[in-house]
Participant: 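One structure, pasted below without further comment.
Order of the sequence lines fixes the chain letters, A, B, ..., with proteins taken first and strands second; residue numbering starts at 1 for each chain. Please read these numbers as outputs of a predicted model, since none were measured by experiment.
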Amino acid sequence: MFLAPYMLLGGLAASIPVILHFFYRSRYREVPWAAMKFLLTSIEQTSRRLKFQELLLLLLRTALLLLLALALARPTFQTALGGGDAVDAVIVLDSSLSMQARSGPNTTCLDTAREAARSVVQQLPPNSTVQILSASDVATVLGPREPGRLDLANAVLDDLSPSDRGSDLQPAIVEAGRLLAQSPSSNKELYIFSDMQRGAWETRASEIKAALDEIRKKATVTLVRCTPLGRGNVAIVGITPQTTLRSGERADFAVLVRNAGPLPVKGLTVTLTLDDREDRAEAQALAEIRPGETRAVVLGNRIETPGRHVVRAVVRPDDLAGDNRLERVFVVNDRVGVLVVDGAPDLRDVRRSGSYFLAHALNPEASGLPVTIVPVERAAPRDLGGKELCILVNVPLAAVGDRPGLSPDFLRALEPFVQEGKGLWIIAGDRVDPKLYNAELFERLPLLPYKLAKVARAPKDKPWTLDRASAEFPPFVRFRQEQGYASIDRIEVRTAMELLQDKSPELARESRVHLRLNTGQPILASRRVPGQGEVLFLGTSVHDEQWTDLYVTPAFVPFVQIATNALLESGQFEMNRLVNESLLAPVSREQAETPFDLVPPQGPRRRLDFATQQEGRWLVRADGLQHAGVYRVVPAGREPSDADPLFAVAPDTAETADLTALTPEEINTLLGFSPVQVTAGESGTFSGAERLNREATWWLLALLLILVLAEMMLAWYCGRAW
Amino acid sequence: MPTVSLQADVLTRAEALGLKARGIVEGLRIGEHKSPYKGFSVEFVQHREYVPGDDIRHIDWKSYGRSERYTIKQYEQETNFIAHLLVDASKSMEYGEGESNKLQVAKLIAATLAYLVIHQRDSAALGVFDDGWRARLPASSQPGHITTILRTLEEVQPRDKGAIGPLLSELAQQVRRRGLVFLISDCFDDVAELVKGLSHLRFAGHEVTVFHTLHPDETGFPFEGMTRFIGLEDTTKLLTRPNLIRPAYLRALQSYLDELRDGCRAHRIDHVAIDTAKPLGPTLAGWLAWRLQTA
C-alpha cells in the first residue's frame with residue numbers, strides 16, 4: 001500500500017540514465033587519428049572492463065531513481081503484531097444541542113465524549129498528532145495549534161463548550177477527511193464522538209457515506225457512542241404574548257412547553273422572567289406532559305416602560321437542559337395607533353364585520369393597541385394622522401351602486417403613508433375588485449406585492465388548507481418552526497383571491513410570499529420598498545365563513561399579532577432569531593465605518609465585520625452563533641447600553657424534536673461498511689490493535705543513501721583511467 | 001596535374017620552406033656546433049707507376065726525388081658522399097595542425113638536411129614514399145639541386161598507407177655506394193619490418209639516422225569526452241572515452257617505442273625523436289652536437 005501512489009509515476013525517471021547514456025553516446029567529437037594501432041590495442045585491453053562498469057553504473061543509477069520514486073510513494077507494510085508508527089488522529093466531537101442530554105447524575109453526553117476523547121489522546125503512541133473538531137450543523141477546527149502537542153489537545157477538550165445548534169455530521173466529516181488527507185502518517189484514525197442522533201446521520205446520509213468511504217481507505221474509522229442516561233425531554237418552543245403589550249400594565253405570555261421525548265415527563269416547573277428581574281419571576285408547576293404533547297403555560301408580569309423587553313422562560317428539570325430555556329425580545333408599542341377601514345361593516349350585527357374580528361385580535365382584552373375603526377365611506381386622509389398601521393378590510397376602491405367606495409383622496413394618501421415607513425395591511429373579501437385593485441394599488445401605486453388574478457373557490461367537499469411549511473421568511477417562519485402553530489395546517493380556506501406571482505427582478509427584490517395554501521397558491525404576501533414601510537396582503541377574508549374559518553380559530557390572534565408586529569416593526573429589524581441564523585443589526589450611515597463587537601450571552605465579545613448596505617440600510621452582520629441567549633451588538637470597546645441592537649437567539653429545537661439514535665446495525669447499513677463502534681465510558685474503547693502499519697519510506701531513503709554513496713564510489717572507480 | 005597558379009603557390013611555399021631551412025642551418029653554423037661533415041672528401045689508397053697519357057699533375061714529385069721513378073697517387077673515391085633523404089608521405093603523416101603537422105615538420109627536416117649537405121659540397125638525394133616510391137631525386141651536389149628538392153617536397157601531399165621496411169630493403173639493394181640515409185617518418189609500421197629494412201641499409205655500409213616525428217597528441221593522448229577516432233590510413237572508426245584508456249594507450253605506445261629504439265640501438269642506427277610541436281632548431285642542434293662528439 002502506498003500513501004502517495006501517484007509518486008510512483010516518478011519511476012518513469014528511471015529511463016533517464018538510459019536515455020542519457022544513448023544521448024551522450026550520440027554526442028561525440030570526431031578526431032582523424034594516425035596511431036590507430038595503439039588505440040586498438042588499448043581498447044582491446046580495456047573494452048570488456050569498461051562495458052561492464054558502464055552497465056553496472058547504468059543499472060545502479062536506474063535502480064537509484066526507481067528506489068527514489070518508491071520511497072516518495074511512501075510504501076507501508078504491516079507488522080506482525082502491533083507496534084506501528086505514530087498516529088495522526090482526528091477527533092470529531094458532536095457538540096450539538098442534543099449532546100447536552102444527561103449521561104449521569106451531573107454529567108452530559110458531551111462530558112462523557114470529552115472524557116473518552118481524552119482517553120484516546122492519552123493512548124496515542126509517541127510522536128502522534130491530533131486535531132479536534134467540534135460538530136454541530138457546522139464544523140469548527142478547535143486545534144490544537146500544534147497537532148503534535150497532545151497536552152494542548154487536552155486543553156482544547158476542556159475548553160469545548162456545548163452548542164445550541166442542530167447536528168449534521170457531514171461538514172465535520174468532510175473537514176476531517178481533508179485534515180486526514182493532509183496527514184503524512186501511515187496510521188490515520190478518525191474518531192467520531194456522538195450520540196448517534198438519527199437526524200445527524202440521515203439529513204445528508206449519502207454525502208456522509210461518500211466522505212467516510214473515502215476516509216476509510218486510508219484511516220481507521222471509530223464511532224464512539226455517547227448514550228444519554230434518560231430520554232425525558234421537554235422544550236420551550238415558544239413565547240407568545242396573550243395581549244397587546246402596553247407599558248404600565250401586566251403582560252401575559254403563553255409559554256409553549258413541548259414534550260419532545262418518548263417518555264412522559266412529570267414534576268416540571270415553568271418560570272417566566274421579564275428583563276432579568278429574578279425577584280419578579282413567575283412560576284407554574286406542570287404535573288405531567290405526555291410524549292408529543294405541547295402545553296401552553298400562561299405566565300406574566302408587569303411591563304413598566306415602553307420599548308424592548310427580554311422575556312425568558314425556563315422549564316426544569318428534564319434530561320436535556322439545552323432546550324429548557326428560551327428568550328424572546330418584545331417591543332411594547334402602546335403609543336401607536338391602528339386605523340381599520342372596513343369596506344363592509346354590518347351595523348346590525350357587528351360580528352359579521354371584518355373589523356370586529358380584527359379589533360378583537362389586535363386588542364383581545366380591549367386594553368391593547370388603540371384601534372380606530374372607520375367605515376369606508378367615512379375614511380379620510382386625516383384619519384391616517386398619528387397612526388402607524390392602516391388595515392383595509394374588504395374595501396372597495398370605488399362606489400358600486402349604493403355601495404360606497406374608498407375616496408380618491410384617501411387612496412392617494414396611502415402612498416406617502418407607506419413611504420414614511422408605516423405599515424399597510426390589505427385584506428381581501430367579496431368587495432375587493434381585482435381589476436380595480438391592480439389598476440390603483442399595483443400599477444398606479446406600487447403597493448400590492450403581486451397582481452391579483454381572480455377570486456377562486458375550492459371544491460365544496462374539499463376545501464383548501466393553509467400550509468405552514470410554506471412559511472419561509474420571518475416573522476411567519478415561526479409557523480413552520482414552532483410546534484405550537486401546528487393547528488394552522490388545519491385552517492380551511494374555501495375562497496381566496498389568486499395572486500399572480502411575478503418573477504420580475506423588481507418584485508423579486510421587494511415582494512415575497514409568506515404563506516401558501518396546500519395547493520401552492522400564495523395566500524399571504526408582502527412588499528417592502530427599501531427605506532419604506534411594508535405592505536401585507538391577505539388573500540382571504542377575516543369575517544366571511546364562505547371564504548375561510550381562519551378568524552374563528554385559536555391561531556387567528558397570534559396570526560394577527562405577528563402580522564401587526566411585523567408591519568409595525570417593518571422599519572425596525574428582526575430581533576428574535578434562531579441560533580443557526582445570522583444577526584443583522586442596523587446602524588446609521590455615520591456608523592458604517594465604525595467597528596462593532598458582538599457581546600454574546602457567554603464568553604468573550606467578538607469583533608464583527610464593518611457594516612454593509614443591504615436594501616437601503618446599513619447592517620452589521622454576525623454569523624456562526626453557537627449559543628442561545630441574548631446578544632448585543634455594540635461599538636467596539638464600549639459597554640453595552642439600552643440603545644444598542646439587541647437579539648434574543650433561540651436554540652435549534654428542531655434538533656431535539658427527535659432524539660432517537662441510530663443503532664450500530666443501522667449505522668452499518670447507512671454507511672455500507674462496518675466501522676469500529678464502541679460506547680464511551682466502557683472499557684477498551686480503543687485497543688490499538690489496528691495500528692499495524694509501518695511506513696517504509698525512511699528505510700528506503702537510508703537504502704537510497706547507501707546506493708548513492710555506492711554509485712559515487714563506483715563512478716569514481718569507473719572514472720579512473722585504465 | 002598542378003596548374004600554373006598552383007606551381008606558383010608551390011614555389012612560394014618552397015621558398016618559404018627554403019628560407020626556414022636556411023635559417024636553421026645558419027643557426028647551426030653560427031652556433032658552437034661544427035658541421036659533422038667537414039673532412040668528408042677523398043681517401044688515399046696507393047701509388048702506381050706513371051704510364052704515358054696520365055695527367056702529369058698527378059705525378060708524386062716527392063716520390064720521384066727519392067726513387068727517380070715516375071709514380072702517380074691513386075685515390076679510392078674522388079667524389080663527395082651522398083645523403084639519402086627519405087621522407088614518409090603516408091596518410092598518417094597528415095596528423096597535426098599548422099606547423100605541428102608531421103609531414104610539414106618532416107619536409108622541414110629534409111630541407112634543412114639538404115641545405116647542410118649541399119652546402120658542404122656533398123650530394124643529396126631525395127626519396128618520398130608511402131607504400132611505394134612517390135618521388136625520387138637523384139643525388140647531386142649542385143646548389144640548384146636544393147631548389148629542386150624544395151619544390152618536390154612542397155608538392156608532396158599525404159596519401160595512402162605507409163610500408164617503410166620493404167622500401168628500405170629495396171633501397172639498400174639499389175644503392176651500392178656507402179652514404180648517409182636519413183629516414184624522416186612517424187614509423188607507424190610494423191617495427192620488425194622497419195628494423196629489418198634499416199638493418200639492410202646498415203649492412204650496405206650506410207650510416208642511418210631515423211628522425212621519428214610524433215605529434216604531442218600521439219605521445220600524450222590528451223583527449224577528453226566521448227570521441228570517435230577515424231583512422232587516417234584505413235577506415236577503422238573507434239568510439240571511446242579516451243580518458244579511460246589513456247594509460248593503456250600510452251603503454252602500447254611506449255612498448256612500440258622501446259622496440260623501435262632497441263632495434264635501432266642494436267644496428268647502431270641513430271634514433272632522433274622529433275616533437276612536432278617544439279621548434280626544430282634546438283632539436284637538430286642537439287643531434288648534430290651529439291654526432292660531433294661521437295664521430
Participant: For B:E224, is it the side chain, the backbone, both, or neither that has a heavy atom closer than 4.5 Å to a heavy atom of chain A?
Facilitator: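 B:E224 touches chain A through backbone heavy atoms alone.
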Participant: May I ask you to test the A:R25-B:L239 pair for a side-chain heavy-atom distance under 4.5 Å?
Facilitator: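 The answer is yes, as the side chains (C-beta and beyond) meet within the 4.5 Å cut-off.
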Participant: Heavy-atom distance under 4.5 Å to chain B: side chain of A:E30, backbone, both or neither?
Facilitator: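 Both backbone and side chain of A:E30 come within 4.5 Å of chain B.
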Participant: Heavy-atom pairs under 4.5 Å with chain A - which of B:T236, B:D234, B:L238, B:L214 has more of them than the others?
Facilitator: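 Option with the top pair count is B:L238.
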Participant: By a 4.5 Å heavy-atom criterion (distance strictly below it), what part of B:K102 contacts chain A: side chain, backbone, both, or neither?
Facilitator: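 Only the side chain of B:K102 comes within 4.5 Å of chain A.
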Participant: Let me know if B:T227 has heavy atoms under 4.5 Å from chain A in its side chain, its backbone, both or neither.
Facilitator: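 Interface part for B:T227: both.
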Participant: Going by salt bridge (charged side-chain N to carboxylate O under 4.0 Å, His left out), name the pairs with one or both residues in residues 189-202 of chain B, residues two or more places apart or in two chains.
Facilitator: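 Non-adjacent pairs meeting salt bridge (charged side-chain N to carboxylate O under 4.0 Å, His left out): zero.
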Participant: Ignoring hydrogens and geometry, is there a side-chain-to-backbone donor-acceptor pair from B:Y249 to B:E218 under 3.5 Å?
Facilitator: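 Here the side-chain-to-backbone pair exists.
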Participant: Report yes if the distance between the aromatic ring centroids of A:F38 and B:F221 is under 6.0 Å, otherwise no.
Facilitator: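 Ring centroids of A:F38 and B:F221 are no less than 6.0 Å from each other.
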Participant: Given that the side chain runs from C-beta out, which part of B:F229 has a heavy atom under 4.5 Å from chain A: side chain, backbone, both or neither?
Facilitator: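 Looking at B:F229, backbone and side chain both touch chain A.
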Participant: Ignoring hydrogens and geometry beyond distance, is a side-chain donor-acceptor pair present between B:T213 and B:D186 at under 3.5 Å?
Facilitator: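 Their side chains do not contain a donor-acceptor pair, so the 3.5 Å distance test is not met.
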